[in-house]
Asker: 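Below you will find the structure I want to go over with you.
Atoms within each ligand, like the ligands themselves, are counted from 1 in listed order. The chain is numbered in sequence order, starting from 1.
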Amino acid sequence: MVHVTVFDTKPYDREYLQNSGPEFSWQFNEFRLNSKTASTVQKGTVICAFVNDCLDGECLRTLKTREVQLVALRCAGFNQVDLKEAAKLDLKVVRVPAYSPHAIAEHSLALLLTLNRKIHRAYNRVREHNFSLDGLVGFDLFKKRVGVVGTGKIGKIAVQIFRGFGAEVHAYDPFPDNEWAAQHQVTYTSLDPLLEQSNVISLYLPLTTDTFHLFGSDHFKKMKPGAFLVNTSRGKLIDTKALIHALKSGKLGGVALDVYEEEEGVFFEDLSNEMLEDDDLSRLLTFPNVLITAHQAFLTAEALSGISNSTTENIRRFLKQESFLPGTELTTNE
Ligand code: NAI
């Protein structure tokens, strides 16, 4: 039996992992993994971590002293892991590159439609028997210009959904897939015209040193007045202070976020009885044209089951010294 220590767990994680087979003994920790909590790991276990765990050099070195050999990330993004240090320590790191790209793509559309058609406000009004429509005017997506930044697994599905609405899609990706673009009537362009001409811009790119704060004041200045921005990728792609400035100036029509640059310790938690210490997040929540969900784009039954299956299959393969599922092992070349 293999002992797996799982960090930052919630009831929905446990439900899917627990049913994955008798060969696993699970220890579910609600707290996150970082350099301080790594020492709590029982010797020789497999570690299962999530998006807001912090696997920096110090954390990885402590895991090594606990004879950990495998770190299984139950997420796609891996910006939270020092892969160079992991390679030096000969710690294997695997992730779940795709569980349900539909879950994330669909959530980005759900956010956009809710914000644009003001469903969140209408819902509250109607529950209070306020049936007036003042202030609820939105716009058709049909024939609007949508700029998609990043056309990997999630971006491609989002594009196809936007095309279903009859939107005109322009995309930017340093590695364009021209064959797919021709099939779906998508036009690849460079980033500047996409910023200047899009009514809606939606982000589906990874966080790297190159994309950190990619959306800052320069980009907001270039965007069309009244444009909507949707981010379901990573919070740090956007410079929050510059975003607040752009919102205060009235430049942006709407902003829908499932991720936030300082989400760690806030998102996934019930803080309803506490004071919110993050002034930028508090400010964002005051804008009527900002809609935020707390990193829930992945939260569908299909995605949770995909995450659990891929994670447990990789652990099984590791124990049998077989190669990992294709595309799941992370090396410093990623
Ligand atoms: P992917 O690796 O299939 O695609 C990413 C695409 O972005 C690639 O085509 C790549 O060439 C492109 N790209 C890289 N740098 C770029 C740049 N500077 N500008 C424009 N495009 C660039 O990744 P996938 O599966 O589509 O996921 C995208 C991101 O979504 C992940 O990196 C992750 O951060 C985020 N995500 C968010 C979730 C949530 O629950 N909110 C869940 C899963 C993923």
Side-chain angles (χ1 to χ4, degrees), residues 8 10 12-13 49-53 73-81 83 95-112 146-161 169-181 184 186 188-195 198 201-216 218-219 229-238 256-261 263-264 266-268 291-304 306-307 310-311 326-328 330 333-334:
D8 200 7
K10 299 288 179 216
Y12 45 81
D13 299 308
F50 196 46
V51 283
N52 289 321
D53 291 313
L73 302 176
R74 53 182 200 286
C75 53
F78 51 88
N79 51 283
Q80 71 277 40
V81 188
L83 288 179
R95 65 169 175 151
V96 186
Y99 27 93
S100 171
H102 295 272
I104 296 96
E106 289 175 15
H107 190 74
S108 63
L109 267 291
L111 281 176
L112 173 64
V146 174
V148 164
V149 186
T151 54
K153 292 175 286 296
I154 300 170
K156 279 192 171 112
I157 291 169
V159 165
Q160 288 161 217
I161 302 174
V169 181
H170 284 208
Y172 168 68
D173 192 307
F175 302 98
D177 181 343
N178 293 314
E179 201 178 313
W180 164 84
H184 296 280
V186 177
Y188 275 111
T189 142
S190 51
L191 193 52
D192 276 0
L194 182 148
L195 295 172
S198 301
I201 295 179
S202 200
L203 310 184
Y204 305 100
L205 69 163
L207 175 67
T208 63
T209 42
D210 292 338
T211 62
F212 174 80
H213 280 189
L214 180 69
F215 277 73
D218 283 356
H219 281 13
L229 177 66
V230 182
N231 185 11
T232 51
S233 288
R234 281 292 177 267
K236 286 182 170 46
L237 294 171
I238 295 179
L257 307 173
D258 185 51
V259 284
Y260 168 63
E261 71 170 315
E263 68 181 52
E264 191 188 333
V266 179
F267 282 14
F268 306 113
L291 180 66
I292 301 180
T293 51
H295 209 137
Q296 74 172 75
F298 73 100
L299 203 64
T300 67
E302 292 78 4
L304 288 169
I307 291 169
S310 171
T311 304
T328 58
L330 290 170
N333 300 328
E334 293 270 344

Asker: Taking only residues two or more places apart in sequence or in another chain, which ones pass salt bridge (charged side-chain N to carboxylate O under 4.0 Å, His left out) with R234?
Answerer: none

Asker: Run the ring-centre check on Y188 versus F175 and record whether the distance is less than 6.0 Å.
Answerer: no

Asker: Checking S198 against H170 for the side-chain hydrogen bond (donor to acceptor under 3.5 Å, both in side chains) test, could you report, in this order, the C-alpha distance in whole Å, the side-chain angles of both residues, the deciding distance, and whether it holds?
Answerer: CA-CA 8 Å; S198 301; H170 284 208; over 6 Å; no

Asker: List below, pair by pair, the N or O atoms of ligand 1 and of the protein that are less than 3.5 Å apart, including the distance to 0.1 Å; reply 'none' if no pair qualifies.
Answerer:
from     : atom 1 : to   : atom 2 : distance (Å)
ligand 1 : 3 (O)  : K153 : N      : 2.9
ligand 1 : 3 (O)  : K153 : NZ     : 2.8
ligand 1 : 9 (O)  : G152 : N      : 3.4
ligand 1 : 9 (O)  : D173 : OD2    : 2.6
ligand 1 : 11 (O) : D173 : OD1    : 2.7
ligand 1 : 11 (O) : D173 : OD2    : 3.4
ligand 1 : 26 (O) : K153 : N      : 3.3
ligand 1 : 26 (O) : I154 : N      : 2.9
ligand 1 : 34 (O) : S233 : O      : 3.4
ligand 1 : 34 (O) : R234 : NH1    : 3.4
ligand 1 : 40 (O) : F298 : N      : 3.2
ligand 1 : 41 (N) : T232 : O      : 2.9
ligand 1 : 41 (N) : D258 : OD2    : 3.1

Asker: Here's a test for you: under side-chain contact (heavy atoms from CB on, under 4.5 Å), which of T208, L203, L207 qualifies with L205?
Answerer: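 By the side-chain contact (heavy atoms from CB on, under 4.5 Å) criterion, L205 pairs with just one of T208, L203, L207: L203.
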
Asker: Going through the checks in order, is the side-chain hydrogen bond (donor to acceptor under 3.5 Å, both in side chains) test met by H295 and E263?
Answerer: CA-CA 9 Å; H295 209 137; E263 68 181 52; 2.6 Å; yes

Asker: Check the pair D258, T232 against side-chain hydrogen bond (donor to acceptor under 3.5 Å, both in side chains), reporting the backbone distance first and the verdict last.
Answerer: CA-CA 5 Å; D258 185 51; T232 51; over 6 Å; no

